[in-house]
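Below you'll find the structure, written out as C-alpha cells, and then a few comments.
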Amino acid sequence: MEKETKNFIEKIIEEDLRTGKYGGRVHTRFPPEPNGYLHIGHAKSICLNFGIAEKYGGLCNLRFDDTNPLKEEEEYVRSIIEDVRWLGFDWGDRLYYASDYFDRLYECAVELIKKGKAYVDDLSAEEIRRYRGTLTEPGRESPYRNRSVEENLELFERMRRGEFAEGEKVLRAKIDMASGNINMRDPVMYRIIKASHHRTGDKWCIYPTYDFTHPLSDSFEGITHSLCTLEFEDHRPLYDWFLDELELYHPQQIEFARLNLSYTVLSKRKLTRLVEEGHVSGWDDPRMPTIAGMRRRGYTPEAIREFCDRIGVAKANSIVDFELLEHCLREDLNKRAQRVMVVLDPVRLVITNYPEDKVEYLEAVNNPEDPMAGTRKVPFCRELYIEQDDFMEEPPRKFYRLAPGREVRLKHAYIIRCEDYEKDTETGRITTIYCTYDPESRSGATQQRKVKATLHWVSAGHAMDVEVRLYDRLFSVPNPDDKRQCPDFIDCINPESLKILKECKAEPSLKGASPGERFQFLRLGYFCVDPDSTEDNLVFNRTVTLKDTWAKMKEKFSQ
RNA sequence: UGGGGAGUCGUCUAAUGGCAGGACGGCAGACUCUGGAUCUGCUUGUAGGGGUUCGAAUCCUCUCUCCCCAGCCA
C-alpha cells in the first residue's frame with residue numbers, strides 16, 4: 001500500500017471539514033464554457049473536481065458557463081457532456097447553466113445599483129480602456145460614475161429593454177479605480193450583446209460577464225470549494241467582493257496550476273486554429289489532445305484518470321512529460337488488450353520443407369496478462385509474411401532477428417532457419433526469404449530449444465489487407481508554446497505525425513472488428529479500430545507503440 | 001518602478017524545525033516463445049547570499065529567476 005499524499009487543496013478541505021466551515025459539506029463544480037472541445041487539461045480539472053467530491057462524500061455539478069452568446073454553441077455542449085461522461089463521471093441531476101440564473105443575476109445587479117455599488121457607464125470600450133490606467137499608473141474615474149441610484153436603475157432597465165446599441169452603455173461595479181489590482185478598477189458587470197443565446201434565445205440583449213456570474217452561480221448552487229486555474233488568482237478579491245456586497249452564501253475560490261504537456265499545445269485558441277486551418281482533420285483527429293481525439297486514438301478513460309492522479313495538483317507552473325501519459329496508457333492497455341498478429345511492412349517468406357497445401361491451426365494465447373481472455377486459432381502454412389524490419393542481409397551486432405543462416409521462432413509456431421533470399425536488384429528490397437522449419441519445435445512441445453528472437457507473422461493465404469494509420473506526436477519540439485523556439489507554433493508541427501499504410505497483412509481473426517475495439521499488435525504497439533472502417537477496409541489507429549529497446553539502440557547507433 | 005503568484009532530481013510531485021522520499025524518464029542486470037510485460041539495482045535535486053537554531057527545503061532577511069493581470073473573453 002502506497003502512502004497517501006494529499007495535495008494542497010485536499011489539505012484545505014480537510015481543515016474546513018475539521019473546523020466545520022461548511023457544515024461538513026464538500027460541493028465542487030466543473031464549469032466549462034461551451035466554446036470548444038474539452039482536452040486533457042480539462043480532464044485534470046474534471047478529475048480534480050469530481051474526484052474530490054467523491055473522496056469526501058460530496059457532490060460535483062456540471063455547469064456550463066454560457067454568458068457569451070457570441071462564442072458558444074449547442075454542439076460544444078453536446079460534446080462536453082459526452083466527454084465528461086466518457087471519462088466516467090456522473091453529475092446526477094445537477095446539470096446547470098449559468099444562463100439559468102440570468103433572472104437572479106439581473107436582480108442582484110439591481111440590488112448593487114440600489115446600494116450605490118454599481119453604475120451605468122456611457123464611456124465607449126476604447127474610453128474605458130484609457131480611463132483604466134496601466135499596470136503602474138492608477139485609473140481615473142468615469143464622469144458617469146456618480147449618477148444617482150434612480151438614474152442608474154432607469155438606465156439599466158432601458159439597457160435590458162434594448163433601447164441602446166451594443167457598446168453604448170455598460171453596467172460597472174463601483175469599486176476602486178486606483179487599485180493595484182486592475183480587476184478592481186470598476187469591472188464591467190453587464191454588456192449589451194444583441195445576439196441570440198443558445199438557450200435563452202432572444203430573451204436578453206444584455207449579458208453578465210464572467211466576473212459577476214461566476215461567484216453568484218457558485219453561491220446559488222451551494223458550492224463549497226470553487227477550484228479554478230491560476231490566472232484567476234487576481235480575480236479572487238472581486239469574487240469575494242460581489243458575494244460580500246450582496247451578503248450571499250460565500251464559497252471559497254482556490255486556484256491551481258493548469259496542465260501543460262510536452263510536445264503538444266493546450267490552449268483553446270491554438271487548438272481551434274489547428275482545426276480551422278486544416279492542420280488536423282477535426283477536433284477528434286487522433287493527434288489532438290482533445291478528449292474526443294484521444295478517444296478516437298484509442299486512449300482509455302482509465303488511463304487518462306490514472307494520469308491525472310499521478311501528475312498531482314500544485315500552484316507552480318509546469319510541463320508534464322508526455323511519457324508519463326504514455327506510461328499510464330500502456331499500463332492499462334497491457335492488462336486489457338487482446339494480442340493479434342499484423343504485419344505492417346510485409347515481405348514474403350516461404351518454408352521450403354513445409355507441405356504445399358497443408359494448413360495448421362495453431363493455438364494462440366489472447367492475452368498473457370489475462371488468463372480469462374482465452375485462446376484462438378491462427379492458420380499457419382507454407383507461405384507467410386513477416387516484417388521487412390525483421391530480416392537483414394548483413395545484421396549488425398545485437399540484431400537478434402532473422403538473417404542468412406540464422407534461426408528464430410515464429411510466435412505460436414515453429415523455429416525456422418533462413419536458408420536463402422531473393423532481392424530486387426534495382427531497389428535492393430528483399431522480395432522473398434526462404435526458410436526451413438523444425439517440425440519438432442512447435443509451440444507447446446516439451447523439449448524446447450532457445451532462440452534469440454521471436455517474430456510475428458501472418459499466413460499469406462489467409463491474411464486480410466487492412467489500413468493502418470501510424471500517429472506520432474503532433475509537434476517536433478518539447479514546448480511549442482515557447483516563442484523563442486516556435487515564433488509560430490504551426491511551424492513546429494511534426495511533418496511525420498501521420499503515416500498511412502495500406503495493404504498491411506492482418507491475421508483473419510480480426511475480421512469483423514468494430515470501431516473502438518482495441519488490440520495489441522504483437523511486438524508493434526496498441527491499435528484501435530477507427531470509425532472510418534468499412535466492411536472490406538478495416539482502418540486501425542496506432543494508439544501508442546510498445547516500448548522498443550531495439551529501436552532505441554538503433555537510434556543511438558545512428559547518432 | 002503597480003498588483004497577484006511560483007521556485008525541491010532531466011520531468012512531475014512528497015517531506016512544514018529532525019535520515020530530502022515516490023513516480024516517469026535514463027542507465028545496468030535478471031527473466032521472457034512479444035527486444036513487450038515483470039523483477040532488481042543505480043544515477044541525479046532543495047535558485048543564491050546572509051541570519052535564527054543542537055538541528056533549516058521548512059522560520060527571518062536580502063537578492064535572483066519565472067508565470068499571470070491593462071477584454072464590453074472565460
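Throughout, protein chains are lettered first and strands after them, A, B, ... in sequence-line order, and every chain is numbered starting at 1. Quick note: numbers below take in every heavy atom, side chains included, and nothing from hydrogens, waters or symmetry partners.
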Is the distance from OP1 or OP2 of rC73(B) to the nearest side-chain N or O of Arg191(A) less than 4.0 Å? yes
So His214(A), base contact, sugar-phosphate only, or nothing? Heavy-atom distance under 4.0 Å. nothing
Glu126(A) with Arg129(A): basic N within carboxylate O range, under 4.0 Å: yes
Where the chi angle of rG71(B) falls, syn if within 90° of 0 and anti if not: syn
Which part of the nucleic acid, if any, lies within reach of Arg442(A) when heavy atoms closer than 4.0 Å are counted: base, sugar-phosphate only, or nothing? base
Expected string for nucleotides 34-45 of chain B under the B/S/- scheme (protein heavy atoms, under 4.0 Å, primed atoms plus P, OP1, OP2 as sugar-phosphate) is BBBS--------
For a quick check of understanding: with a heavy-atom distance under 4.0 Å over all strands, which category does Arg409(A) fall into, base, sugar-phosphate or nothing? base
Stem finding on RNA chain B, please: runs of three or more consecutive Watson-Crick or G-U wobble pairs, both distances under 3.5 Å, sorted by first number. B:2-7 with B:64-69, B:10-13 with B:21-24, B:26-30 with B:38-42, B:47-51 with B:59-63
Of all residues at least two apart in sequence or in a different chain, which pass the disulfide (SG to SG under 2.5 Å) check with Cys486(A)? Cys492(A)
Within the modelled atom types, does a donor on one side and an acceptor on the other bring the side chain of Asp234(A) and the base of rG3(B) under 3.5 Å apart? yes
Who passes salt bridge (charged side-chain N to carboxylate O under 4.0 Å, His left out) against Arg269(A), sequence neighbours left out? none
For Lys335(A), report the nucleic acid contact type (base, sugar-phosphate, nothing); a contact means any heavy atom under 4.0 Å. nothing
If you look at every strand shown and take non-hydrogen atoms under 4.0 Å, does Lys268(A) touch a base, only sugar-phosphate, or nothing? nothing
Got a salt bridge between Asp121(A) and Arg147(A), using NZ or NE/NH1/NH2 to carboxylate O under 4.0 Å? no
Ion pair Lys11(A)/Glu14(A), N-O distance below 4.0 Å: no
If the threshold is 4.0 Å, N to carboxylate O, is there a salt bridge linking Arg63(A) and Glu221(A)? yes
Would you say Arg185(A) reaches rC69(B)'s phosphate, i.e. side-chain N/O to OP1/OP2 under 4.0 Å? no
Ile193(A) CD1 to rG71(B) P: how many Å, rounded? 16 Å
Whole Å only: how far is the CZ atom of Phe307(A) from the C1' atom of rG25(B)? 14 Å
Quick one: Asn183(A) CG to rC73(B) C1', roughly how many Å, whole number? 13 Å
Give one of base, sugar-phosphate or nothing for His235(A), where a contact means two heavy atoms less than 4.0 Å apart. base
Using a heavy-atom cut-off of 4.0 Å across all strands, would you classify Val451(A) as base, sugar-phosphate, or nothing? nothing
Only pairs at least two apart or in different chains count here, so list each salt bridge (charged side-chain N to carboxylate O under 4.0 Å, His left out) that has a residue in residues 312-329 of chain A. Glu233(A)-Lys315(A), Glu255(A)-Lys315(A), Glu326(A)-Arg330(A)
Touch class at under 4.0 angstrom, heavy-atom based, for Leu362(A) against every strand present: nothing
At 4.0 Å (heavy atoms only), tell me whether Gly444(A) reaches a base, stays on the sugar-phosphate, or touches nothing. base
Identify whether the distance between the nearest side-chain nitrogen and carboxylate oxygen of Arg145(A) and Asp186(A) falls below 4.0 Å. yes
Just checking Phe232(A): base, sugar-phosphate only, or nothing, at a heavy-atom cut-off of under 4.0 Å? base
Sidechain N-carboxylate O distance under 4.0 Å for Arg442(A), Glu360(A): yes
Near RNA chain B, which residues from residues 64-71 of chain A have a heavy atom under 4.0 Å away? Asp65(A), Thr67(A), Asn68(A), Lys71(A)
Contact class for Ala314(A) (heavy atom, under 4.0 Å): base, sugar-phosphate, or nothing? sugar-phosphate
With the threshold set at 4.0 Å, does a side-chain nitrogen-carboxylate oxygen contact exist between Arg417(A) and Asp438(A)? no
Salt bridge between Glu306(A) and Arg310(A), side-chain N to carboxylate O under 4.0 Å? yes
